[in-house]
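Right, one structure below, let's go through it.
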Amino acid sequence: MKYYIIAGEASGDLHGSNLVKGLLEKDPSAQIRAWGGELMRQAGAEVVKDYRENSIMGFVEVVANIGKILGNMKECCKDILAFNPDVVILIDYPGFNMKIAKFAKKHGLKVFYYIAPKVWAWKERRVHKIKRYVDKLFIIFPFEVEYFRKWGIETVYRGNPLLDSVCNFSHAGESRAAFEARTSPKRQVICTTAAISTEATAPAAAAGSSVTGATAAGATAATSPTTASSPATEPATTAAEPTTAAAEPTTAAAMPIIAALAGSRKMETGFLLPRIVRTALAMPQYRFIIAAAPSMEPEYLKKIIQKELAAAGAPAGTSQAGSNKTQSCISNTQAGSCNTQAGRCNTQAGSCNTQAGRCNIEIVYGETYAVLQQSVAAIISSGTASLEAALLKTPQVVCYGGNPISFYIAKAVVKLKYISLANLILDKLIFKEILQNDCTPANISAELEALINQKTYRDAMLADYDKVHQLLGGGGASGRIAEAMIEELK
């Protein structure tokens, strides 16, 4: 059979890729044409349009790009008719996909919607369009079954496909040393306070890695506040074992990692990434690794980071990890000494790691799960990533904001207590959501310190993560959904 699949963002590309694998397994002769991304292409779909060309979010942003959106919609409709599929499968992305559903239905094509529009959160009027234009709705959250039933819409629920991605994660259980050695050639070091060499705690990096890094210096770092709902004790073991800030490591490979997932859209990233940089300046004893979405170009991210560092008086260079030839701080064995020549510093009292203006920031692509697994905590821009962090058992704080007009319009129309999927699934505040004006480096660093250093707080979050996992069921959802789709088409 012939399938036309449309995914408009990174999470859709992920779920679409697992669906493509399931369809090809159940229907080996399938022809699959798609709007999606690299993951769907690798899974076997013929991707004719990359989702990054159409990834726009926010009221103001949509209005500003309306010409581009309409042009893409016209192109998509024309391509669907030329391909003449047995079914059009729409993955989330309702602003675009609901219009495609109407078009496809008008032209006599069968329409499946996979990952339903979140009408239970906002724009509930879309439920009438779903009834009118969608032949079968495939959902991924158990609470949606009853919600859509009350509207007279029978759904297909076969579990949550995100568990497939997490369960099939090829580097699950990877040691810190193996992570350092494997990802070394891929990580771009923007600024660092320590020698980048992995020799202290990990195997040597791949031969040929180069380094031209520079230290960040000169800004006044904010003091990391600590807020708590429970006493500070030795933290619990989770995705990565937290280490105390008192013992400062001499190499980046020994530093505790904080994952930073700044979003897959420029609106999200442009808001959160500068705040992540300021947080990193406030917490120089940690290594911030930005697990970048494929839709975010490296130069775009580096430009934001370097602009923020320059504003703080902390200019930075860029280097590849995996070499100890670096201008960053190198440990000095003479007690009490710290000089500026060759970036030398002392790891005892008075270390450069604790001086103002120092931070540790790296960028890596294609390693989101690995970074989360190695991290003591994570800063996440809501969306699918917050649920992925929960399933990987990484303590997190969700941070979100954007254009003030778009944000306050959304706040007025969205009917939810929480914006994060894990919080919504359990209907409680498992982890904090720091939004818009409250999303400051001081508030973010305070919450990270609590996640890392307060055992009771951390343990309660991990226990709630287990409950979320249980509610979502086990793996294999993508295959079951693909099978259900094929049965509907027979």
From Tyr114 atom OH to Met485 atom CE, the distance as rounded to the nearest 0.5 Å: 6.5 Å
Test side-chain hydrogen bond (donor to acceptor under 3.5 Å, both in side chains) applied to Gln396 and Tyr465, step by step: CA-CA 11 Å; Gln396 66 182 295; Tyr465 282 176; 3.1 Å; yes
Can you name the salt bridge (Lys or Arg N to Asp or Glu O under 4.0 Å) partners of Arg41, sequence neighbours left out? Glu38
Which residue pairs pass the salt bridge (Lys or Arg N to Asp or Glu O under 4.0 Å) test with at least one member in residues 156-171, sequence neighbours excluded? none
Which residues satisfy the side-chain contact (heavy atoms from CB on, under 4.5 Å) test with Phe271, sequence neighbours excluded? Arg275, Gln436, Cys439
Check step by step if side-chain hydrogen bond (donor to acceptor under 3.5 Å, both in side chains) holds for Tyr365 and Gln188. CA-CA 9 Å; Tyr365 285 84; Gln188 297 183 58; over 6 Å; no
Check for a donor-acceptor pair, side chain of Ser381 on one end and backbone N or O of Leu261 on the other, with a separation under 3.5 Å. no
Can you name the residues that form a ring-ring contact (aromatic ring centres under 6.0 Å, His included) with His128, not counting sequence neighbours? Trp151
Ignoring hydrogens and angles, tell me if any N or O in the side chain of Glu268 forms a donor-acceptor pair with the backbone of Ala262 under 3.5 Å. no
Could you work out, with ring-ring contact (aromatic ring centres under 6.0 Å, His included) as the rule, every residue matching Phe112, not counting sequence neighbours? Phe138
Atom pair CG (Leu387) and CG (Leu392), whose distance is rounded to the nearest 0.5 Å: 9.5 Å
Is it the case that the side chain of Asn97 and the backbone of Ile91 share a donor-acceptor pair, with hydrogens and angles ignored and the cut-off at 3.5 Å? yes
When you measure from the side chain of Ser295 to the backbone of Ser264, do you find a donor-acceptor pair of N or O atoms at a distance under 3.5 Å? yes
Counting neighbours of NZ on Lys2 that are heavy atoms of other residues, nucleotides or ligands and sit closer than 6.0 Å, is the number greater than 12? yes
May I have the step-by-step check of side-chain contact (heavy atoms from CB on, under 4.5 Å) for Val397 and Asn443, ending in yes or no? CA-CA 10 Å; Val397 55; Asn443 287 339; over 6 Å; no
Parallel, tilted or perpendicular, judged at 30° and 60°: which one describes the rings of Phe143 and Phe141? parallel
My understanding is that only residues two or more places apart in sequence, or in another chain, count here; which of them pass ring-ring contact (aromatic ring centres under 6.0 Å, His included) with Phe179? none
Qualifying residue for side-chain contact (heavy atoms from CB on, under 4.5 Å) with Asn160, from Leu472, Ile425, Ile115: Leu472
